[in-house]
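Heavy atoms only: backbone and side chains are in, while hydrogens, waters and symmetry mates are out. Reminder, nothing fancy here: chain letters follow the sequence lines and each chain counts from 1.
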Amino acid sequence: MISLKINNIDVKGKEGDMILDVAKRYGIDIPHFCKNDRLERIGACRICVVEAKGQQKLIASCCTPIREGMEINTHSRRVMEARRTNMELLLANHDLNCVTCKKNLSCKLQRYAEEMMIDEITFSGDKRLYEVDHSSISIRRDNNKCILCGQCTRICNDIQTVNAIGIQNRGFHNKIAPPFGMNMHESACVNCGQCVIACPTGALTEKSDIQGVIDALRSDKFLIAQTAPSIRATLGECFGMPPGTPVTGKMVTALREAGFDKVFDTDLAADICIIEEATEFIKRFKENKDLPLITTCCPAWIKFGEQFFFEELHHMSSCRSPQAIMASLIKTYYAEKIGKKPEDIVLVDIMPCTAKKFEIKRPEFTGEADFVLTTVELGKLFKLLNVDFINLEESDFDNPLGESTGAAAIFGHTGGVMEAALRTAADWLTGEDLKEIDYKKIRSMDTLKEAELTIGGKQIKACVVHTLGEARRLLEQIRQGTCPYHFIEIMACYGGCIGGGGQPLPTDKERLIKRTKALIDEDEHKDIRKSHHNKSAIKLYKEYLGDFGGKKAHKLLHTEYYKRDYV
Amino acid sequence: MVQDLLLPILKHEQKKSGYISEAAIKRISIQTGIPVSRIFGVATFYSMFHTKPQGKNMIEVCHGPSCHLNGSFNVLKSLYKSLKIKPGETTKDKKFSLHTCSCIGCCDKGPAMLLNGKQYTLLDETKLKAIIKKCRS
Ligand code: SF4
Ligand code: SF4
Ligand code: SF4
Ligand code: FES
């Protein structure tokens, strides 16, 4: 243990702890831009400087380890002046159009400027003027608001290994962009939005579809919403509720108040997805063919695979994502049932994720889902329509596409899809209704997790990864024939969908754990916790889809992948 | 580290082809495993590298503090008059490329520039006209 003083308070920390982190534990918040707990500390922004007694220079607290006997002042006059100068330099080269900025009121730059009481900028000089990049379906890039903290490129390069964007040029012309003057649409970007949740300003934001949805709500079309498993665990944060507050019932009521005619639960589609995927897995496992099987719920991972691992695509499950399964069922089965033409129904998907915006625009899904709103966008829509979210009564999803199990609930966090699939596969392989259904080992926040189960003397090795860098390592193993697993879950976002690019900010590890817990609680409180016991799903197969993994199921619930060129 | 090799590789490419093309960056990426976006970042960071084809004659006007005080902006103005290009651009006939560069050590004789690596000092409009004319002939 190392003892030191911060602002005259006695504090303790471990060898190697950084000043900023120790201070935080004692409730002292030191401003910071470039620090990101998932990345190496590079000490670039210098907004986190503090004064250490006896040391001439101010030090960057995010990357200076504590030492015995240090006396740190985080808000001395010198510190405040230095921080202020740094802030003013950033602001002098910023467009400062806060009222029209998507990050207005959730922007770190704005927050610090307010906290430091910067009411005047004493520097002046040329401002950069960049064209806003609207090309991508999912992400809006506005270099005029970039403070060059570098988090986005480091997430994209070091964690996701997509390398779509990088830092270019030098000095005044320094900017974040895809190479060769390409726009985001032409780049290798897989739309995961992990850069969006890292960006402290309005430079990277989701592409908004709110206006389109409002127009649809004001039209005479039949409006349906479906909500992904993770939304109920995060939407509350948009209204100031503590992270991990489940808001399923309020969310459904709010959607009805906003004007949706029906509110369906993507969780039902998640159960169907498990039924199809487990069928596919058991077939491949018995034939020992095309193993490992990889889950395909994550559209960012699918694009990543299509770009970088085309030769390995036969390992991907042909099963659609729950979003796309529900969209298909609504525009076929449900449209027929209520006697409406598919084009008279407008389907709005509420998703955790910017990549879902890209997914619904894939040519094979044309005419199915019409819009994707992220959790953050849905929060904004409710505020815009004056929905008093906090005080709403709770209500249930509509039938027949509203029933779900505990297995579907956990789709929203890393390991959940695998856990749900193993519950069903294990039952089917043993022919029993197993009681042991918790696979706790794959629930943690580690980016690579393993589970093993032995059925009839045969071992099934499962693996769960999140972040695309981790996925890349596995795919390389598969390419070299050294991958020991039979079944793999891949999610592009850290933590799974609860950490998606469209979730409320900040998305840090602490919050991810709380959001995960909300989903695990929901699972544990459900009477039915296995996908193949979902009564509505079984009825749907009997009435409409036919056999599990059968011909009609394949037509409506499965899809294909393509080779994609990339730069 | 393979990253350390990048600078010499880029230097070689610059020398060989006069610029670092998109195709060259993609090739180097495959050979070294360094992502394209990073190579492009390095290639655009150093002023000694160019990512677009350059004109036959390379003009680099010093914009160090001393030359600046001695009127390097007038040099750029004069060059714009005769060549119709700004720093970073190349003439349509591919005869000239214009860039600015940091101090080239002629502070006592500014404003100065390099033409194809050779120093020209105490520049004024007349001098520049003559230099350009000579290159054109
Ligand atoms: S990024 Fe922040 S400071 Fe900049 S305009 Fe947007 S809200 Fe204002
Ligand atoms: S969305 Fe993902 S892939 Fe695209 S630039 Fe951001 S981090 Fe990279
Ligand atoms: S785009 Fe955002 S995350 Fe990326 S460098 Fe700029 S401010 Fe930082
Ligand atoms: S947060 Fe410490 S230097 Fe940026």
Side-chain angles (χ1 to χ4, degrees), chain A residues 40 42 44 125-126 128 130 133 141 143 146 148 150-184 186-190 194-195 204 304 307-308 468-469 472-473 475-476 479-480 564-567, chain B residues 1-3 6-7 9-11 13-14 17 19-54 60-65 67-68 72-73 76 86-90 97-103:
Chain A
E40 218 181 296
I42 53 166
D126 286 351
R128 303 158 302 179
Y130 294 108
D133 182 352
R141 184 174 60 93
N143 277 63
C146 173
L148 294 163
Q151 290 180 77
C152 55
T153 55
R154 290 192 292 144
I155 293 273
C156 189
N157 300 340
D158 303 350
I159 308 277
Q160 300 297 58
T161 65
V162 176
N163 305 304
I165 46 177
I167 297 200
Q168 293 162 16
N169 307 334
R170 68 190 298 170
F172 184 71
H173 299 287
N174 224 198
K175 66 167 182 185
I176 302 289
F180 311 128
M182 284 188 304
N183 59 33
M184 290 296 274
E186 297 157 330
S187 78
C189 173
V190 300
Q194 291 293 288
C195 55
L204 288 167
F304 183 88
Q307 281 175 181
F308 303 115
L468 289 169
R472 183 183 283 279
R473 279 186 280 280
L475 266 295
E476 253 143 35
R479 186 171 277 177
Q480 284 154 13
R564 269 177 209 274
D565 291 326
Y566 68 95
V567 177
Chain B
M1 270 292 283
V2 64
Q3 303 252 5
L6 188 55
L7 278 183
I9 294 175
L10 288 178
K11 264 192 198 158
E13 185 61 34
Q14 172 71 39
S17 318
Y19 79 113
I20 298 164
S21 66
E22 212 176 297
I25 291 183
K26 287 180 188 162
R27 192 188 66 232
I28 295 169
S29 169
I30 293 168
Q31 285 163 354
T32 59
I34 304 171
V36 162
S37 58
R38 247 179 242 189
I39 303 177
F40 187 75
V42 174
T44 53
F45 181 81
Y46 292 99
S47 51
M48 61 188 172
F49 299 136
H50 302 288
T51 50
K52 290 200 190 96
Q54 296 299 303
E60 295 167 86
V61 177
C62 173
H63 70 171
C67 281
H68 182 77
S72 54
F73 41 89
L76 291 175
K86 288 189 223 140
E89 296 176 349
T90 299
S97 285
L98 177 60
H99 293 278
T100 55
C101 64
S102 33
C103 184

Side-chain heavy-atom pair A:N157, B:P35 within 4.5 angstrom cut-off: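 They are not in contact (no side-chain heavy atoms under 4.5 Å apart), so the answer is no.
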Within-4.5 Å side-chain heavy-atom neighbours: A:F180 and B:V36: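 Touching, per the 4.5 Å side-chain cut-off.
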Under 4.5 Å from any heavy atom of chain A - which part of B:I25: side chain
Most chain B-contacting option - heavy-atom pairs closer than 4.5 Å, from A:T161, A:N174, A:N169: A:N169
Exercise: identify the closest heavy-atom pair between A:G166 and B:S37: N-CB, 4.3 Å
B:Y46, OH atom: more than 12 neighbouring heavy atoms under 6.0 Å: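 No, because the 6.0 Å sphere around OH of B:Y46 holds 12 heavy atoms or fewer from other groups.
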Polar side-chain atom of B:T44 near backbone of A:Q168 as donor-acceptor pair, under 3.5 Å: no
